[in-house]
Amino acid sequence: MAAVRSTILSAVLFVTYIGIGALAHDTHFSLAWALLATLLVWAGPAQIILISTLASGASVVQSAIAVTVSAIRLFPMVVAVLPMMRTPQTKRRQLVLVAHFTAVTLWVECYRFLPHVPRDRRIAFVHGLGSGLALIGLVATAIGYELAANLTQTFGSAILLLTPLSFLFSTARNSKELADGLALGLGLAFYPLASLLNSGLDILISGVAAGTIAFVVHKWRQGP
Amino acid sequence: MNDFFGDWHALLVLLLAGVIPNQIWRMVGLWLGGGLDEGSDLLMWVKAVATAILAGVIAEILVHPPGALASVPGFLRYGALVVGFIVFTLTRRSIFAGVVSGEFLMLAGKWWLG
C-alpha cells in the first residue's frame, strides 16, 4: 500500500471512478453492477463507453463492439508490461492477474517503480500495486454512486462533469504522437456530426472516421 | 431483486458487452506476448481510432448529458471543457488544474444563473 500512497496518478484514478460511479447511478444501473464493472472490466474508458452506450439504447452487440475497439489499446500495454517481470522460470498463468490489472495507470507506474524492484519479486509487487489501485477504484465507484444519489442537482452535475474533464486531460497528456492529438480533437468534433445520423453506432462512426483521418495525416506528414 | 443487485439481466449484459470484449485483448496480449512491433501501422491506426472513440464519448456526455448534468445549460458544459483545456495547456499539462478550473467555471456559472 505504500507504493499506492505515493502514486500521483491514483488521484486521477480516484476522480475518474467517482465520475464513473456517478454516471452509473444517473443512468440507472445498480451499485453492485457498477462495482462489478470496476472489478471485472478495470478500464475507465471501456466502462464509460459501456454505460453511456447502453444508457442511450444501444444493443448488446453495438456496445460490445464499441467496448472492444476501445480495449484494443490494452493489448500493446500488456505486451509492453509483461517482459518487465518475466523470468525464464515464469509460467504464463502466473501473469494472468498482472494482465488483468494492466491499464494505463498500472502501465505508467510499472515504468516508474519496477526498476527499483528485484526481478524475482516483481510479480508479487505488481499484484500488490494492482490490488491497491483496484481498491481505490472500488471505493471511488461507491462514493461517486452514493454522492450522485444524495447530492443536490448542482453538486451532482459537478461530479458527472469530472468524467469528461479528467478523461480529456489525461488522454491529452498521454498523446505523444501527432496522430493521438489529432484523433482526440477530431473525435470531439466529429461526434456531434455523427450523432445527427442517429444510427445507434454514432460513436463508432465518428471514432473510425476521426481516427482514420488522424492516422492518414500522420503518415502523410511523415512523408516518404 | 433488491436495489443493490438490480436485475440479473443487466449483470449478464455487463458480462457480454463489457467484461468479455474488454478482457479478450489483455488475454491476447498475454498469449501472443512479444513478436509485436509497437510502431506498426496497424497498431498506430487502432490506437488513433481508440483515442477518437474515447473523444466521442467525452463529447457524448457533454452533448447528451446524463442525469443531473442535463440541468446545466449547454454553453456552460462546453465552456467548462474549453476553459479547463486552456488552463491545462497554460499549466504545462496539469490534469488537476484543468479539472478544477473547468469545474469552477461550471459551478460559478450555475450559481450566477441562480
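FYI, side chains are in, hydrogens and waters are out, and symmetry mates aren't considered; it's all heavy atoms of this structure. Not measured: the values here are computed from a predicted model.
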Mind running side chain to side chain contact (heavy atoms under 4.5 Å, CB included) on Leu160(A) and Ile61(B) for me, showing each step along the way? CA-CA 9 Å; Leu160(A) 287 169; Ile61(B) 294 173; 5.9 Å; no
Counting only non-hydrogen atoms closer than 4.5 Å, does [X] touch chain B with its backbone (N, CA, C, O), its side chain (CB onward), both, or neither?
X         : answer
Leu54(A)  : side chain
Ser195(A) : side chain
His25(A)  : neither
Ala34(A)  : neither
Ser166(A) : both
Leu186(A) : neither
Phe167(A) : both
Ser56(A)  : side chain
Thr171(A) : side chain

By a 4.5 Å heavy-atom criterion (distance strictly below it), what part of [X] contacts chain A: side chain, backbone, both, or neither?
X         : answer
Leu81(B)  : both
Val19(B)  : both
Val57(B)  : both
Glu103(B) : both
Leu14(B)  : both
Leu11(B)  : both
Phe85(B)  : both

Tell me, out of [options], who's got the most heavy-atom pairs with chain B below 4.5 Å.
options                                 : value
Ile213(A), Val67(A), Ile72(A)           : Ile72(A)
Val208(A), Thr163(A), Asp180(A)         : Val208(A)
Thr27(A), Ile49(A), Leu35(A), Val216(A) : Ile49(A)

Start with the C-alpha distance between Trp25(B) and Val78(A), add both sets of side-chain angles, then the distance that settles side chain to side chain contact (heavy atoms under 4.5 Å, CB included), and finish with yes or no. CA-CA 9 Å; Trp25(B) 292 106; Val78(A) 169; over 6 Å; no
Over 60° means perpendicular and under 30° means parallel, so classify the ring planes of Tyr191(A) and His64(B), tilted if in between.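 Perpendicular, since the angle between the ring planes exceeds 60°.
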Are Leu32(B) and Val79(A) close enough, and set up right, to give a side chain to side chain contact (heavy atoms under 4.5 Å, CB included), and what steps lead you there? CA-CA 8 Å; Leu32(B) 294 185; Val79(A) 171; 5.9 Å; no
If you apply the rule side chain to side chain contact (heavy atoms under 4.5 Å, CB included), what do you find for Trp31(B) with Arg92(A), and how did you get there? CA-CA 8 Å; Trp31(B) 282 100; Arg92(A) 198 170 262 156; 2.7 Å; yes
Mind ranking [options] by heavy-atom pairs under 4.5 Å with chain A and telling me who comes out on top?
options                                : answer
Ala70(B), Ala68(B), Ala48(B)           : Ala68(B)
Arg77(B), Met106(B), Glu60(B)          : Glu60(B)
Ala52(B), Pro65(B), Ser71(B)           : Ala52(B)
Leu54(B), Val63(B), Thr89(B), Leu62(B) : Leu54(B)
Val72(B), Val13(B), Ile58(B)           : Ile58(B)
Gly98(B), Ala80(B), Gly102(B)          : Gly98(B)

Do other residues, nucleotides or ligands put more than 12 heavy atoms under 6.0 Å from Ile24(B) CD1?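 Counting other residues, nucleotides and ligands, CD1 of Ile24(B) stays at 12 neighbours or fewer.
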Take atom NE2 in His28(A); do more than 12 heavy atoms of anything else shown fall under 6.0 Å from it?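 No, because the 6.0 Å sphere around NE2 of His28(A) holds 12 heavy atoms or fewer from other groups.
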Judged by atom type as modelled, is there a donor-acceptor pair below 3.5 Å linking the side chain of Arg93(B) to the main-chain atoms of Ala172(A)?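 Pair found, side chain donor or acceptor close to backbone of Ala172(A).
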